[in-house]
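Notes for the one structure printed next.
Within every chain, numbering begins at 1; the chains are lettered A, B, ... in the order of the sequence lines, protein sequences first and strands thereafter.
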Number of protein chains: 2
Amino acid sequence: MPVGRRPGSYVCGTDAAMDIIDGKWKVSILWALGEEGVRRFGELRRLLPGVTEKVLAAQLRELEADGIVHREDYAEVPPRVEYSLTEIGHQLNEALAPLGVWGKRHVLGVEPAVR
Amino acid sequence: MPVGRRPGSYVCGTDAAMDIIDGKWKVSILWALGEEGVRRFGELRRLLPGVTEKVLAAQLRELEADGIVHREDYAEVPPRVEYSLTEIGHQLNEALAPLGVWGKRHVLGVEPAVR
DNA sequence: CCGCATCCAATTCGATACTG
DNA sequence: CAGTATCGAATTGGATGCGG
C-alpha cells in the first residue's frame, strides 16, 4: 500500500521522492506527459529516443503503481492505450520545475533570459 | 569541462540535474551538508547509516568533480578533511526543496501542518 | 499496436581487508 | 582519520523474438 519501492528506509522527503523518479527514463516520461497531457504508447516511444519497448513499459508500470501515471486501455483491435498524469503526477512535475531550472543553468549552461 | 557524466545527451534541464544527483547517497549527502555547513568524512559516514567508506568517498569525489561539494584537505596527522557545499551546491539544495515537500506529502504521507 | 519473455551486458553497490 | 584495493552480489537496462 505505501508508495515507492523501499518503504520505510527514507531519511528525508527528497530521498523518498527520488525513489519514485529513479529510473533512466522516468523524468523524461513525466516531461513528455506534462506537455501534451495524453500520449499513446508508440507516441511516447518516439518522444524518447533510445528507449526500448520493454524498458518503457516497465517504467510506465512502475509509475502507474506509484500513482503518478494513469493508464487507459481501450481494449480495441488494433490496441490503443493512453497514458496521462494523475493529479499527484502533475504536482510532482511542478515540484521538479525548480530542479529543471537549476539543471538548465548549471549543467546545460543556459543562463536565464535577461535579468 | 562540462558538468555531469553524460554531457550532451540530456533532453531537458531536469534530466540533466538528475544525472548530477544520480547515486544512492547523493541527496542524503546534500541534505547532511545543507544542515550544518561543514562536515568531516567520518561525520558524514555516521550521518548516513549503511553507507560504506568506499561508496561515500566515490560519491563525494563525483560531487566534487561536478562542482557541488568543496573538499578541504588540511594535510594534518591525523588526517582531517572537511566537506561543504559550494554556492552551486546550495542552489541545488534549494531547487530540491519542493521535491522534498512533495515526497513528504505523497510518499511519506505527512500532511503539512494545519491548513 | 502494445507489450511480455528471455537472455545478456554494464554498472553500481556492499563486504572486507589494508595503508599513509 | 581518511581513505584505497579487490572481489563478488545485485540491480538495471539493452537486444531480440514472440503473442494477443
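Side-chain heavy atoms closer than 4.5 Å link hydrophobic residues (I, L, V, M, F, W, Y) into clusters, and following such links, possibly through other members, connects B/V110 to A/I88. Under the 4.5 Å side-chain contact rule for hydrophobic residues, A/I21 and B/L108 share a cluster.
Under the 4.5 Å side-chain criterion, counting only non-hydrogen atoms from C-beta, A/E43 is not in contact with A/E36. Counting heavy atoms from C-beta outward, A/E111 and A/R105 have side chains that approach closer than 4.5 Å. Within the 4.5 Å cutoff, no side-chain heavy atoms of B/L60 are placed close to those of B/R71. Looking only at side-chain heavy atoms (C-beta outward), A/Y83 and A/L33 come within less than 4.5 Å of each other. Contact annotation: the side chain of B/K24 never approaches that of B/V55 to less than 4.5 Å [non-hydrogen atoms, C-beta and beyond]. Contact check for B/M18 versus A/M18: side-chain heavy atoms found under the 4.5 Å cut-off. Considering only heavy atoms from C-beta on, B/I29 stays 4.5 Å or farther from B/V51 through its side chain.
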TODO: Before giving the answer on side-chain contact (heavy atoms from CB on, under 4.5 Å), spell out for B/W102 and B/V107 the whole-Å C-alpha distance, their side-chain angles and the decisive distance to 0.1 Å.
DONE: CA-CA 8 Å; B/W102 182 91; B/V107 183; 3.6 Å; yes
Open item on the list: One pair to check against side-chain contact (heavy atoms from CB on, under 4.5 Å): A/I68 and A/L92. What are the steps and the verdict?
Closed with: CA-CA 8 Å; A/I68 308 301; A/L92 173 56; 4.1 Å; yes
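The phosphate of C/dC2 has neither OP1 nor OP2 within less than 4.0 Å of any side-chain N or O from A/R80.
Rounded to an integer number of Å, the gap from CG of A/L60 to P of C/dC1 is 17 Å. When rounded to the nearest whole Å, the span between CZ of A/R40 and P of C/dC1 equals 8 Å. Whole-Å rounding puts the A/R45 CZ to C/dC4 P distance at 14 Å. Atom-to-atom, CG of A/L56 to P of C/dA5 comes out at 16 Å; the value is rounded to the nearest Å.
For the segment residues 14-23 of chain B, the set of residues with a heavy atom within less than 4.0 Å of an atom of DNA chain C comprises B/G23, in numerical order.
In the 5' to 3' direction, nucleotides of DNA chain D lying under 4.0 Å from heavy atoms of chain A begin and end at D/dG13 to D/dG20.
Counting non-hydrogen atoms under 4.0 angstrom, A/Q59 reaches the backbone sugars and phosphates but no base. At a threshold of 4.0 angstrom between heavy atoms, the contacts of A/Y83 are confined to the sugar-phosphate backbone, with no base atom among them.
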Open item on the list: Output one letter per nucleotide in nucleotides 14-20 of chain C: B when a protein non-hydrogen atom lies under 4.0 Å from the base, S when only the sugar-phosphate is that close, - when neither is.
Closed with: BB-B--B
